[in-house]
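Heavy-atom basis, side chains included; hydrogens, waters and symmetry copies ignored. Model, not experiment: these values are computed from the prediction.
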Amino acid sequence: MKALALLLAVALSAHADDAPRDPTALPPALRSAMAAASAASAASGVPAEAADHAIRQVVFAGGRAYVVQRGRRYAVGEQLDGARIERITEQAVWLRESGQVRREPLYGGVEKRPPAPPAGSASGVRKSKEKP
């Protein structure tokens, strides 16, 4: 019995330094990775707010196109973060800032192309069982 009490006392003293983990807190490994990424972006000169200003959504309503940013719609000709909106399409937004026009793609690396024709239609082979 005394041995069990002694083992229990040793186990409790070993865990006394460990504070209960907050279930809403990020794990330490993730916190350190986020801190390293933040330090790397600060060292490269890219502000952390730049990613927040990226255009992520375009809406078409009533025959007009709008950029949706921070819960507000912006039409062609309006100012968005200091740049005038020149053109809005379903793939990109053109902004004029300091006399320069730049294209901001909505989906980087994605290109819209017409679909390729079906493989069977080019050969002229009919796959239908109907008679001509």
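- Residues Val59 and Arg64 fail the side-chain proximity criterion, which asks for heavy atoms closer than 4.5 Å.
- Closest of all the heavy-atom pairs between Leu106 and Gln57 is CD2-N, 4.4 Å.
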Mind listing the side-chain donor-acceptor pairs of residues 91-100 below 3.5 Å, one per line with the distance, residues two or more places apart or on another chain?
residue: Arg96; atom: NE; partner: Glu86; partner atom: OE2; Å: 3.2
residue: Glu97; atom: OE1; partner: Arg102; partner atom: NH1; Å: 2.6

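- A pairwise comparison of heavy atoms in Arg87 and Val76 identifies CA-CG2, 4.3 Å as the closest pair.
- A 4.5 Å side-chain heavy-atom check between Ile85 and Gln79 finds every atom pair outside the cut-off.
- Interatomic distance, CZ of Phe60 versus CD1 of Ile88, reported as 7.5 Å (0.5 Å rounding).
- Closest approach of Tyr66 and Ala61 over heavy atoms only: CE1-O, 3.7 Å.
- Summarising the geometry, atom OH belonging to Tyr107 is positioned 8.5 Å from atom CD belonging to Glu90; distances are rounded to the nearest 0.5 Å.
- Residues Val68 and Val58 are not in side-chain contact: their nearest non-hydrogen atoms beyond the backbone lie 4.5 Å or more apart.
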